[in-house]
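To keep things clear, I will list the structure first and then write my remarks on it.
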Protein chains: 4
Amino acid sequence: MSMNSFGHLFRVTTWGESHGPALGATVDGCPPNVAIEPEMLQLWLDKRRPGQNKNTTQRNEPDAVKILSGVFDGKSTGTPIQLMIENTDQRSRDYGEIAQTFRPGHADITYHQKYGNRDYRGGGRSSARETAARVAAGGVARAAIKALVPDLEIKGYMTRMGEMEIDRSQFDWDAIDQNDFWIPQGADQAQAWEDYLQKLRKDHDSVGAIVEVVARNVPAGIGAPIYGKLDTDLAAAMMSINAVKGVEIGEGMAAALLRGTENADEIYMGENGPEYSSNHAGGILGGISTGQDVVVRFAVKPTSSILTPRQSIRKDGTAIEVITKGRHDPCVGIRAVPVAEAMMACVILDHLLLHRGQIGENQGTIG
Amino acid sequence: MSMNSFGHLFRVTTWGESHGPALGATVDGCPPNVAIEPEMLQLWLDKRRPGQNKNTTQRNEPDAVKILSGVFDGKSTGTPIQLMIENTDQRSRDYGEIAQTFRPGHADITYHQKYGNRDYRGGGRSSARETAARVAAGGVARAAIKALVPDLEIKGYMTRMGEMEIDRSQFDWDAIDQNDFWIPQGADQAQAWEDYLQKLRKDHDSVGAIVEVVARNVPAGIGAPIYGKLDTDLAAAMMSINAVKGVEIGEGMAAALLRGTENADEIYMGENGPEYSSNHAGGILGGISTGQDVVVRFAVKPTSSILTPRQSIRKDGTAIEVITKGRHDPCVGIRAVPVAEAMMACVILDHLLLHRGQIGENQGTIG
Amino acid sequence: MSMNSFGHLFRVTTWGESHGPALGATVDGCPPNVAIEPEMLQLWLDKRRPGQNKNTTQRNEPDAVKILSGVFDGKSTGTPIQLMIENTDQRSRDYGEIAQTFRPGHADITYHQKYGNRDYRGGGRSSARETAARVAAGGVARAAIKALVPDLEIKGYMTRMGEMEIDRSQFDWDAIDQNDFWIPQGADQAQAWEDYLQKLRKDHDSVGAIVEVVARNVPAGIGAPIYGKLDTDLAAAMMSINAVKGVEIGEGMAAALLRGTENADEIYMGENGPEYSSNHAGGILGGISTGQDVVVRFAVKPTSSILTPRQSIRKDGTAIEVITKGRHDPCVGIRAVPVAEAMMACVILDHLLLHRGQIGENQGTIG
Amino acid sequence: MSMNSFGHLFRVTTWGESHGPALGATVDGCPPNVAIEPEMLQLWLDKRRPGQNKNTTQRNEPDAVKILSGVFDGKSTGTPIQLMIENTDQRSRDYGEIAQTFRPGHADITYHQKYGNRDYRGGGRSSARETAARVAAGGVARAAIKALVPDLEIKGYMTRMGEMEIDRSQFDWDAIDQNDFWIPQGADQAQAWEDYLQKLRKDHDSVGAIVEVVARNVPAGIGAPIYGKLDTDLAAAMMSINAVKGVEIGEGMAAALLRGTENADEIYMGENGPEYSSNHAGGILGGISTGQDVVVRFAVKPTSSILTPRQSIRKDGTAIEVITKGRHDPCVGIRAVPVAEAMMACVILDHLLLHRGQIGENQGTIG
């Protein structure tokens, strides 16, 4: 029982602090004979990496991932895959005041209260830098998914950033990779989002966001009720990401406003199996995938590190006004997109394997 | 690794189907020497029990819980506590059509697709009746919490049911137990909610809801980053409840609209330790409790079982119009309240024990 | 993480005390669509049941197992299977002295030291009666194995009981079920063993034993290195049985005396795959099955409950001479046979499922 | 559920292959504020390291351990501790034949049968080199034990190597660290063992061994029945070590020959609590420590890599005579000593933490 691990059969353990020598992920349970090259993982790390555009933090690290074990001759061996990312850009500085101060909205105070000893450099273990390890592990998961269900596709995008919101009538799946905000909208919208963010930055402020992740072509039947439900595991996966305060499946919180007659996803028999009139359920019924798109959505709070002073205390209880200088995203939602995709990939691979182990290939047929 | 279990050190495994001979929970990890009597568990089961008022289903079962092991001379022994609830009100009926039909919005179709063989009587394992076992286990958790942190208090209440919403300026903690909806409002409001629900029932419709659960006097420092965070485990616990589609901690999804300057919970030194200017965080920072109220909120979808016909298919793929007769709540949110309280109790006890095992009593002091 | 559970994907949790209302096993992870009838489980419970012959304890209980969940229309549904055995023969008696006394060689003293509160009736949770639950769960495992690998066979037998030892040159597989000691020998030998045991009983003494369990036709390739090795899991399974003090795989402790030239199991190519010149390895290399017989052996200590007085202390520290009256086997090895078979069945099924989940059907071929 | 992890609250995951870039251990659950320096871990690695004396393999690696995370300012932080050992002595060679051949007695054939893809260089993941990671993790466990129970002491030694056996009447605890075989005997005996081993080496042969590990001053009350018993976990820990074929607790397999009157450890009240007339139980009753020495013993088979040709097959099924050249210990028991000590340390720390989490400090008192 490791509290730094997630997953049932595909089990990822992350380790490392923001400013230690390295961080990484120990990935156990990847099936053997999956083609894995470092470049396949680097691709996703580069997507997450800060300093890629002016809207994310300016920490400039290559985030180069090394595979230390578990892959031989370009293929997984079924043994643990150790992924290591060395921390190369550790600006030397005086940590005197930070070591004594609890930044509001950060885990400084609770880590201190829990552990008594913490690595205060850059947030230590509680830094969002830990998510780089998840993205690397997610790359392994994607490679294994590709081998098992080739047409399964996972994509995340922002739907909201403070006052900015996407127009779902203009939803453009292909535009997602074309802009710095991973929004499914055209260049004009992306520019509007950028202007909004620059204004926030000048105001020494930050803002929250909503991210949506969709998995297409997930086979019906995966997910393990009652306490390993697909939606349960996705909720835990997303809530474990730094700054996340809410998670929704399908209709989400809005389901509270609906009537049963409105919310019903009616079922019809299609050529290749059951089809549904709508997807309020987000592709999951009773914790098991229906074969529809699996839709997860989550909100991140505004970055707590801002240049506007906020009141706090030091370790000795004395008051202090905190301004957090440094390399900080005004909206952490942007970088949460590749992280959430990685978590989705890990959860789905895990359930594909778990289903195979628990059920085999036998499933109930329809029609 | 049981997919029907949750918890780390306080581990609950539920078993049983809606219309089988019995259902229950195997509760492992309750510390020894905790005073436990069946009546202490029955209290919560009675709160959850259908047929208690006209707004919940009319299935009339005593839901009497039996303790089969793990308690000796009125005290826990530290060995597994088996809680059994016999199913006594199993109306005999013809299941012919139900056995072949997939009710829309229910797990009938996915259980069939996953397992091939399912107990179709009353939803079988996917029935909300499974939550009775959780409530019994939650009673054990409450007893153990009481022994460890006597002033820790857990309470749930509805905040929304379709168009009805509580008025937070009139929030009345003591009123919660005084009405059938567990709303923190006076009798007038409760009457308005009841009128609304009766109207829905007459319309052969149902509606969703939002439930909020609060834990007061949770000690600072519990929760196990990165993948056993307190909020992560609470999100999983709530999402595992039938019909839940979204989970929020503190500010929840609304955090997406806030600016960093608004969202900051500023810290001051109080007489008994740190105090906060607000609780946008919902009592959790970095996955660890701050000592503030822990606030969880979740949405349930409208009951899928309605008397208005909906389109579906049979196992053989043929079309069928489904009307779900029987004993069904128009709003499952009502009965979700005691279930959510039970889950919160289990999660918090689990983290109290886990903290003790991993950290001991040593924590960082402030001031 | 339940300390009363074992197994990875096929997960068994036992519960209950010797003299409580009932005991049983919560079995999670049985694949769906396995034919299971109570009689299939009862068969093995009857084999274990005391009072069956004059060499085992005279407690006369039917040990009737009830299936409370997880089986529908005679087939498993993939949901938890609850197996309950009610305790019917609870002779009423005065437990005054027993409640205060620690019987030597029993867990009375350590349960007290650990938990402070224990069910002292008949040993409570530490009683060998707990193994009835394992045997019931083992019946489920056997049914599932039969569905997956029809010709896989598991059989246990005694090889030693104090001075009595089997003659391997006269090994008779079919004789095992023909005598009260489960020895692979003829009736003459069985009579000699019985005479020996009766002599011990008259001497108010008991004796230890060695039990061997063999699994035939286990497919090559199951077992999960490094910490879920097949031999590791078998060692844990056997060591968890009451009174077991040693576990061996294949050559066992005697391997210490062998030279590498003697111990080598040489490999040849047979018609249906690799064959071996010998089986010093006990069918396992590197924690993975070779396809040869899997051979496990373990020793049980002599029954601690004897009529010859032994020195001990009471809870208050005062000295007492203990004579344990009651229904006790002079050799617990006899009843350990069906228990060990059950554990072997559970471990092997677990690894069959785990292999399927982690590896799929793809294995390296030879030749 | 990682198959490359062991432990409940103190959870160690090892990773890496014999000839990959590095191997190591991800150690989760070490309590915070434990003093840990690399030198404290290196000490034990040096004890295990091959090439230290002429009786172990000549692979000359510094086995320098690096701490990549989880330790800050010389103290553990409660977050995962990543221990990495780089492989520096990777002699370049032609692996052509080895890649195709299954060495008898090795896991080559079963890894191939299970995974299809394996790192054949030096045994890959199945190499005993993996145990270096365990020794490093054991160093962390020892440091944490020292902080929790300062006088707890763990020591291993050989008791048998083929025909050589220690004389228990001459048992000398202090001599263990004075000779290359970790035997509790004087220099004369050590010389005799060395002569014996050199003879074996000249004969192109190898031999098995028995190792005993003792933990002194283990507090009474640790161990978690029924399936997390202290002896169960120790049996699994030892059986997971390469080449181990048998594990014993206390009297071990010899218990089969004893009578109840002989085997009884009688209990007396001493000044500081219960005392026992003997320790047949090996310090464990019902899976819980008694406070006596915890005694574990295990046998390793003779090294399979010998210079005497043995018959085997290639991947294509063709026959081949195998002579294993290279750097191999004629008796792997020698190097198993520090590995077993490390495993014992990990298991005991784990149960100290688990007991604290599940039970707290409350235990039943005696007297």
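Of the atoms belonging to D:D203, it is side-chain heavy atoms, and not backbone ones, that fall under 4.5 Å from chain C. Contact annotation for C:Q311: both backbone and side-chain heavy atoms come within less than 4.5 Å of a heavy atom of chain D. C:F102 touches chain D through backbone and side chain together, each having a heavy atom under 4.5 Å away. D:L234 does not touch chain C: none of its heavy atoms, backbone or side chain, sits under 4.5 Å away. The contact between D:T261 and chain C is made by backbone and side chain atoms together, counting heavy-atom distances below 4.5 Å. Contact annotation for D:T308: only side-chain heavy atoms (C-beta onward) come within less than 4.5 Å of a heavy atom of chain C. When heavy atoms are compared at a cutoff of 4.5 Å, C:E165 does not approach chain D at all. Only the side chain of C:K229 has a heavy atom closer than 4.5 Å to any heavy atom of chain D. Proximity to chain C (any heavy atom under 4.5 Å) is restricted, for D:M343, to the side chain, taken from C-beta onward. Contact of C:D265 with chain D is made through the backbone alone, with heavy-atom distances under 4.5 Å. Heavy-atom distances place the backbone of D:I222, and not its side chain, under 4.5 Å from chain C. Using a 4.5 Å cut-off between heavy atoms, D:A209 contacts chain C through its backbone alone, with no side-chain atom that close. Contact of D:R125 with chain C is made through backbone and side chain together, with heavy-atom distances under 4.5 Å. With a 4.5 Å cut-off on non-hydrogen atoms, C:I306 touches chain D through its side chain but not through its backbone. When heavy atoms are compared at a cutoff of 4.5 Å, D:Y276 approaches chain C solely by way of its side chain, counted from C-beta outward. Heavy atoms closer than 4.5 Å to chain D are found nowhere in C:S2, neither backbone nor side chain. Heavy atoms of C:I284 lying under 4.5 Å from chain D belong exclusively to its backbone. Proximity to chain C (any heavy atom under 4.5 Å) is restricted, for D:D316, to the backbone atoms N, CA, C and O. Only the side chain of C:M1 comes within contact range of chain D, judged by heavy atoms closer than 4.5 Å. Using a 4.5 Å cut-off between heavy atoms, C:T303 contacts chain D through its backbone alone, with no side-chain atom that close. Looking at C:R160, the atoms closer than 4.5 Å to chain D (heavy atoms on both sides) all sit in the side chain, from C-beta outward. Residue D:T13: no heavy atom, backbone or side chain, is found under 4.5 Å from chain C. Contact annotation for C:T290: both backbone and side-chain heavy atoms come within less than 4.5 Å of a heavy atom of chain D.
In terms of heavy-atom pairs under 4.5 angstrom with chain D, the leader among C:V207, C:L9, C:I249 is C:I249. Ranked by heavy-atom pairs under 4.5 Å with chain D, the list C:V300, C:I320, C:L354, C:L258 is led by C:L258. The candidate from D:E163, D:E251, D:E130 with the greatest count of non-hydrogen atom pairs under 4.5 Å with chain C is D:E130. Between chain C and the options D:V244, D:V322, D:D231, D:N263, the largest number of non-hydrogen pairs under 4.5 Å is found for D:N263. Contact tally against chain D (heavy-atom pairs below 4.5 Å) for C:G333, C:A256, C:A299, C:P274: the top residue is C:A256. Top candidate by heavy-atom pairs under 4.5 Å with chain D, chosen from C:A235, C:A254, C:P225, C:G123, is C:P225. The greatest number of non-hydrogen atom pairs below 4.5 Å with chain D, out of C:G291, C:A236, C:S289, is found for C:A236. Note on C:A255, C:G270, C:G246: by heavy-atom pairs under 4.5 Å with chain D, the leading option is C:A255.
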Worked check of side chain to side chain contact (heavy atoms under 4.5 Å, CB included) between D:Q358 and C:M3: CA-CA 10 Å; D:Q358 293 195 309; C:M3 289 299 121; 3.8 Å; yes
Assess the residue pair D:L285 and C:H106 against the criterion (side chain to side chain contact (heavy atoms under 4.5 Å, CB included)); give the C-alpha distance rounded to whole Å, side-chain angles, the decisive distance to 0.1 Å, and a yes or no. CA-CA 6 Å; D:L285 282 174; C:H106 282 280; over 6 Å; no
Go through the steps to decide whether C:Y227 and D:T14 satisfy the test side chain to side chain contact (heavy atoms under 4.5 Å, CB included), and finish with yes or no. CA-CA 9 Å; C:Y227 300 107; D:T14 71; 3.5 Å; yes
Under the criterion side chain to side chain contact (heavy atoms under 4.5 Å, CB included), I'd like the reasoning laid out for D:M253 against C:I210: C-alpha separation, chi angles, the key distance, then a yes or no. CA-CA 8 Å; D:M253 299 303 290; C:I210 294 180; 4.1 Å; yes
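Closest of all the heavy-atom pairs between D:G286 and C:A107 is CA-CB, 3.6 Å. The shortest non-hydrogen separation linking D:K245 to C:A281 is NZ-O, 2.7 Å. Contact record, D:Y115 with C:I288: CE1-CD1, 4.3 Å, taken as the closest heavy-atom pair.
Although no hydrogens or angles enter the test, the distance criterion places no donor-acceptor pair under 3.5 Å between the side chain of D:T110 and the main chain of C:G221.
Looking only at atom types and distance, the side chain of C:K114 has a donor-acceptor partner in the side chain of D:H355 under 3.5 Å away.
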